[in-house]
Each structure stands twice: as structure tokens, then as C-alpha cells.
Engineer: 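I'd like to ask you about the structure that follows.
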Amino acid sequence: MGGPVSFRPEPGTIPESPGVYRFRDSGGRVIYVGKAKSLRQRLNSYFADFAGLHPRTQTMLTTAVGVDWTVVGTEVEALQLEYSWIKEYDPRFNVKYRDDKSYPYLAVTMGEEFPRVQVLRGAKRKGIRYFGPYSHAWAIRETVDLLLRVFPIRSCSAGVFRRAAQIDRPCLLGYIGKCSAPCVGRVTEQEHRALADDFCDFMAGNTGRFTRRLEREMRQAAAEQEYERAARLRDDIQALRQAMEKQAVVLADNTDCDVIALVEDALEAAVQVFYVRSGRIRGQRGWVVDKVEDTGPGELVEQFLLQMYGEAAPEALPREVLVPAMPPDAEAVAELLGEHRGARVEIRVPQRGDKKTLMETVERNAKESLKQHKLKRASDLTARSRALQEVADALGLDQAPLRIECYDVSHTQGTNVVASMVVFEDGLARKSEYRRFAVNSTEGDVASIHEVISRRFKRYLEERSETGELDVEVGAGAALDPETGKPRKFAYPPNLVVVDGGPAQAAAAQRALDELGVDDVAVCGLAKRLEEVWQPGEDLPVILPRSSEALYLLQRVRDEAHRFAITYHRSKRSKSVKESALDEVPGLGPARRQALIKHFGSVRRLREATAEQIREVPGIGPATAETIVSALKGEHP
């Protein structure tokens, strides 16, 4: 293939109007669909500076052999056409949201002669009203069990329903009052459908009229001395209230909104949605998406809104959609959703109050969802084996790196510099092997990496030398302490050292190994910005495929090292903040230090005080005051 230059449109042929464009591969398949306010400006950006494009966009352009476009009148039309083409062609380079698990829904089959309530998963079907989704199927069954007291609609399968009609005898639910038994003609089709409509209205949030109606009937039954009926209505009211209590109240009663949170890394993004109706959380759902193109939060939100609501029923769209970042064409997206709903839809980012708090809760769920997704993928034995082999192939190693060590440096503007070492064996974390370092160097991350690698492998060589097996193959006995029988801290050498950073950090690690004469350990650096893998002495990075198991493994190793380093750094920084110049004053205990800070307000104001002013603090004598003044001035008392 000739690359993007071979199919670049002639200058002046691309219109400046809004529109939608398609890139195609050599087989004529559409591989990417995009929209633009100005087709000329957007398409020229693909061809103007190929080297400056993101690697994923470069891959798309080298795969493509042609591009065409369609001009539209408005941005809303562009959104509609883009969504239609993505749905029609399923392009490989477009973002595709997929459920992170199969969520159950409470469904009522309104398209049947006698509607049935049940738990359903998977794709939605016509003629069925859905409520949810719920986190667990048992939550749906508990709710249905309560509501069938008040709305006794059919919940049996088609086979059970036909069998009951044949023998003219209802099932157990019909005998205990949790089914109106339309199978044996206790209610007509119209009466049963009215019960199903009331059930759906209650689930949709119109709860007040049902409790008020039952309370009115209960009082009437009590007035007519029908106490058994009144007691049954009382229990029905309690059942409705219990069903309502199972849905957490988070916002005002008239609030209908969907709260969307997004958490992303360089490879994937996780989206969580809380459905709030009448101020209550009615359901929750999650998606995970592979980031094929270099897209930011706003673009991901826009694509998610179009995919999520594109096929939804109009009544499923809320009045308000809360998002973590505004889409680039927010007004056009809102107009498109409003047309689909048949009423105005507002898209906004919550800034304060209860909605902001709820957004933070949804974001925590999204973080946990992405974490669980990565852990599930990393724990798969086949995926781990493939990842290790892919790393070996990409870096030109003789064998798969069964032990990987990753190092990261953390500091705040050069203070409290620390580093971490995390260990992965057979693709899984070995937390008992983690180590942390207080770094002495203050010359930057490169010098810190060199120091940490030098210290780690000096310890390794020392411990190997003590065993007398420095020049032989590592065995189980060499790694054990003869006195305690426990593994030595640095006895096992890694097959691969990964450092968080680019070519400079990788070169520093390799230089440290060379200085110690360690020549059987491979080194690479993983840069955060584009997830490039750098090998020492190489001018160009290794670009791993975005969907490869190798990149997932290296990224997880790097992220774990970063987490471990920053945790240590925070604890060290917190400890240093709590320390003060008064800690070094001899004879000054905690009580008098606290009294001094309380009297002067801060160490800075205390440093400006004279000995006479310091003596005013209860418990501070002349000698102690002079000692404090000398200590705070840096003089020896």
C-alpha cells in the first residue's frame, strides 16, 4: 500500500461544509467513520503531518486506501448520519462500547395476550417494557415478590400457563393471591392488562396514587367493619413501601436524570450510569470500551450518548443527563436527543451539591469496574502466557520473562524522593517481593533510577557472593537464608527490568547494570504518554498493538509500581509535614510544644518572637526560652 499520500484528495476538492467521512481499506470495507463541522479542515489534519499523528491514527491511515464524504446541512444531521453509518458498517477503528457484564432487567411482556413479569438479560426486544438494569437478579425477584401482592399479574412461563389452562387449575401463586390466575378465567384479558399497566406505572415512578388509593380503600373497609380486608390492604401498603425503600433516595422527588461517569487510561475506558427516576436510583449499568483512536473525555462522552440512546425507547430518555465532560458538539447532541425523546433534553456537568456528590459515587463505581475488568483479564492463564510470549517476541528475548521487576520514582518538586520495586512472576503480582527505597539523589528521575537499580543489584551480587554460587546457575538453595530458611530479599534476579519512563530512564537502568557487570537481565522503559516501549540504545520505540496482551501486562506492572511508589511518598511526605523545628529542641516535650504553637499560632511567628515573649507561655522558663530562640535561629544552644 502506498500510504495516506496515495489517496490524499486533491487540493480544493474537499468542501468546507459540515459532513461525515469514511475511510475504506483495500477490500472496500469501511474502517472508520467520522464527522466534522468543516470537512476540509478535519480531513486535511490527517494528511498534513503524518509523523505527528497518534500511532493509532497512523495505523488507521496506513490501513486505508481511500476516503469519501457526504455533505450535510447541520451538525445535528452530521451526528445522525455518523451514528447510522457506525451502526451499519461497524468500523474497526471506531470506539465501540460493550457491557462489562450482562445486566438483568425487570421486564413485562406487554406484547402478549396476558402480559408476564420476568427477569431478562441481553438485547432488548419489541413489545416488552424494561425496568432497570439491576445489579443482581435476586434484587429484581425480591421487588417482584413484594409487588405481586398488590399487582397480581402473571409470572409463569408459557408452558406452565398452558398446562394450568388445560387442567383448569391455577398454580400455587394463584392460590396464595400472588397471581390473578387469568389461565383459569378468574380475570378477563382487559382486567389483567389493567393490572399490568398499573404494575408498569408503579415501576416507572408513579407510586403516590397507588398508596393513596390503597389507604383510602383501607379506611373505607375499616369503616364498614370489614377488618380482614382492611388488614390485607394494610399489608399491601406495607409491601409497596418496602419496594420503594429498596431504591435509594438521592435527589429531589421530581428529579429524572441519568448520571454518567467515565474513567480512562491509555488503552481502555470504563463508563458507569446510574438511572435516577423520581429522585431514586432505579438501576445501574456499566460499559468498557477499547480506545482505538486518540479520543479525549468529551469525544468519548459524545460517542457514548449516541450509542446508548440511539436505539432506546423515547420514554427511556430522561429530562437531564449529567456527564463528566461536555461533548464537543453539546448543543447538537442535546438537540438530537431531544428530537428522539420528543421533549427537551439537557446535558450538563454538575458543579456542586447533591448531583456532584452522586457523580463522585458513580465515578468510584467506574474506577472499580475498570480495575475488575483488568484483573479478570490478567488472571486468565492463557492470556498471561500469551502476554509473556508477546513481550519476549517484541523485545527479542531468548525466553519469556517469568519474573519482571518494575521501578518507579515519586517525589514532590524534588523533595521526599522515593522509589518502588514491584515484582510479577508468571504474570501475577508477588506482593511479598515488593520493595521500597528512600532515594538519596536529588538530581532528577534519571539519576534516581540509576541509584535504585545500582542498589538493588549490588544487594543481589552481595547475597549471591555470600552463598558462594555467584558464577553458577541460580538454585533454590541459593535464594534461601541459611539461618532463617526464608528467601533472601534480593536473591532472585529478574528476567526483565521495566522502568517507568522513556529512553533516558531505560538508558540509566542499563548503565547501572553495565557498571555492575550484570549482563543477563533485559531492560526496557514504558513511557506513559503514548505507551511506547523503549529499549536502551535504540533510536525508535517498540510499538505494541493496542489490543495486545503484552501491552496490558506491561501497563499493569507499571501502574502497580506507580501506586506503590506514590503510597510510600505520601506517607513520607505526611510524616515530614508533621515534624517541625521544635522537635529538635532539647528538653521540650509534646505538651510544651503544643502550648507554644497554640500561643503563637505557627512556628514562623514563634521564630520571630523574643525570649521575653516566649517566657509568657506557661511552663516555659528563662533557660528554655533562650534554648528555643537559639534552636530556631539555627544556633547550637
Side-chain angles (χ1 to χ4, degrees), residues 265-267 374-375 377-410 419-437 449-450 452-457 459-460 464 473-474 479 487-503 505-510 512-513 516 518-528 531-536 538 541-545 548-566:
D265 59 22
L267 298 177
K374 288 184 173 294
L375 287 175
R377 181 168 184 173
S379 63
D380 181 73
L381 178 61
T382 304
R384 293 205 318 268
S385 301
R386 187 164 63 248
L388 292 172
Q389 191 57 52
E390 287 179 1
V391 170
D393 294 341
L395 300 181
L397 307 181
D398 296 333
Q399 60 181 356
L402 298 182
R403 180 182 170 101
I404 300 174
E405 292 180 3
C406 185
Y407 298 83
D408 185 29
V409 175
S410 182
S420 66
M421 176 187 106
V422 301
V423 179
F424 275 59
E425 290 187 352
D426 295 330
L428 293 177
R430 282 287 301 274
K431 295 194 176 184
S432 62
E433 299 286 315
Y434 287 12
R435 299 290 179 262
R436 58 190 192 182
F437 303 84
I449 286 290
H450 180 273
V452 171
I453 298 293
S454 299
R455 287 166 58 183
R456 185 265 183 266
F457 282 91
R459 288 288 302 274
Y460 160 65
R464 298 284 289 130
E473 185 178 356
V474 176
R488 296 173 181 270
K489 287 187 177 181
F490 295 99
Y492 291 106
N495 303 108
L496 174 65
V497 165
V498 180
V499 294
D500 182 14
Q505 285 81 0
Q510 185 64 59
L513 293 177
L516 296 172
V518 178
D519 56 3
D520 57 350
V521 176
V523 174
C524 73
L526 183 61
K528 281 191 181 74
E531 302 297 334
E532 300 164 329
V533 181
W534 290 91
Q535 292 180 281
E538 298 293 333
V542 176
I543 304 296
L544 294 172
S548 70
E549 297 295 340
L551 188 55
Y552 272 99
L553 174 61
L554 292 179
Q555 187 192 41
R556 183 165 173 248
V557 171
R558 190 269 316 280
D559 291 347
E560 180 69 354
H562 180 69
R563 180 198 65 80
F564 194 51
I566 203 168

Engineer: Search all heavy atoms of Val391 against all heavy atoms of Leu554 and return the closest pair with its distance.
Structural biologist: CG2-CG, 4.3 Å
Engineer: At their closest point, which heavy atom of Phe437 faces which heavy atom of Arg455, and how far apart are they?
Structural biologist: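 Taking Phe437 first and Arg455 second, the nearest heavy atoms are CD2-NH2, 3.8 Å.
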Engineer: To the nearest 0.5 angstrom, please state how far the CG atom of Asn495 sits from the CD atom of Glu425.
Structural biologist: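 Output value for this atom pair is 9.5 Å.
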Engineer: Any sub-3.5 Å donor-acceptor pair from Gln505's side-chain atoms to Gly502's backbone N or O?
Structural biologist: yes
Engineer: Ignoring hydrogens and angles, tell me if any N or O in the side chain of Asp500 forms a donor-acceptor pair with the backbone of Arg558 under 3.5 Å.
Structural biologist: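 Answer holds: no.
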Engineer: Quick one: pull up CG in Leu553 and CD in Glu549 and give me the separation to the nearest 0.5 Å.
Structural biologist: 9.0 Å
Engineer: Under a 4.5 Å cut-off applied to non-hydrogen side-chain atoms, are Ile453 and Val523 in contact?
Structural biologist: no
Engineer: Of all the heavy-atom pairs spanning Ala509 and Val499, show the shortest one and how long it is.
Structural biologist: CB-CG1, 4.0 Å
Engineer: Which value, rounded to the nearest 0.5 Å, describes the distance between Leu496 atom CG and Leu402 atom CG?
Structural biologist: 11.0 Å
Engineer: Donor-acceptor pair, distance only, cut-off 3.5 Å: does the side chain of Gln535 make one with the backbone of Leu395?
Structural biologist: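 Flag set: sc Gln535 to bb Leu395 pair under 3.5 Å.
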Engineer: For the side chain of Ser454 and the backbone of Ala512, is there at least one donor-acceptor N/O pair under 3.5 Å apart?
Structural biologist: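 Side chain of Ser454 to backbone of Ala512, a donor-acceptor pair under 3.5 Å: no, none is there.
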Engineer: Would Asp408 and Phe564 satisfy side-chain contact (heavy atoms from CB on, under 4.5 Å), going step by step from the backbone distance to the final call?
Structural biologist: CA-CA 9 Å; Asp408 185 29; Phe564 194 51; over 6 Å; no
Engineer: Is Asp520 atom CG crowded by more than 12 heavy atoms from other residues, nucleotides or ligands, each under 6.0 Å away?
Structural biologist: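 Yes, because the 6.0 Å sphere around CG of Asp520 holds more than 12 heavy atoms from other groups.
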Engineer: Can you tell me how far apart CZ (Arg435) and CZ (Arg459) are? Round to the nearest 0.5 Å.
Structural biologist: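 Rounded to the nearest 0.5 Å, the CZ-CZ separation comes out at 8.5 Å.
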Engineer: How close do Ala506 and Gly525 get, counting heavy atoms only, and between which atoms?
Structural biologist: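 It is CB-N, 3.9 Å.
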Engineer: If you look at every heavy atom in Tyr434 and Val423, which pair is closest and at what distance?
Structural biologist: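 Minimum heavy-atom contact is CE1-N, 3.4 Å.
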Engineer: Counting N and O atoms only, with roles assigned by atom type, does the side chain of Glu532 sit under 3.5 Å from a partner on the main chain of Ala527, one being a donor and the other an acceptor?
Structural biologist: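 Here the side-chain-to-backbone pair does not exist.
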Engineer: Between Pro494 and Arg456, is any pair of side-chain heavy atoms under 4.5 Å apart?
Structural biologist: yes
Engineer: I'd like to check the salt bridge (Lys or Arg N to Asp or Glu O under 4.0 Å) partners of Glu560; sequence neighbours left out, ordered by chain and number.
Structural biologist: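 Expected list: Arg563.
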Engineer: Mind checking the CD-CZ spacing from Glu405 to Phe457? Nearest 0.5 Å is all I need.
Structural biologist: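 Nearest 0.5 Å value for the CD-CZ distance: 5.5 Å.
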Engineer: So how far is it from Arg430 CZ to Arg403 CZ, rounded to the nearest 0.5 Å?
Structural biologist: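 Between Arg430 CZ and Arg403 CZ, I get 7.5 Å after rounding to 0.5 Å.
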Engineer: Any idea which heavy atoms bring Leu388 and Gly427 closest together, and the distance?
Structural biologist: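 Leu388 and Gly427 have their closest heavy atoms at CD1-N, 4.2 Å.
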Engineer: Applying ring-ring contact (aromatic ring centres under 6.0 Å, His included), can you list everything that pairs with Phe424, at least two apart in sequence or on another chain?
Structural biologist: none
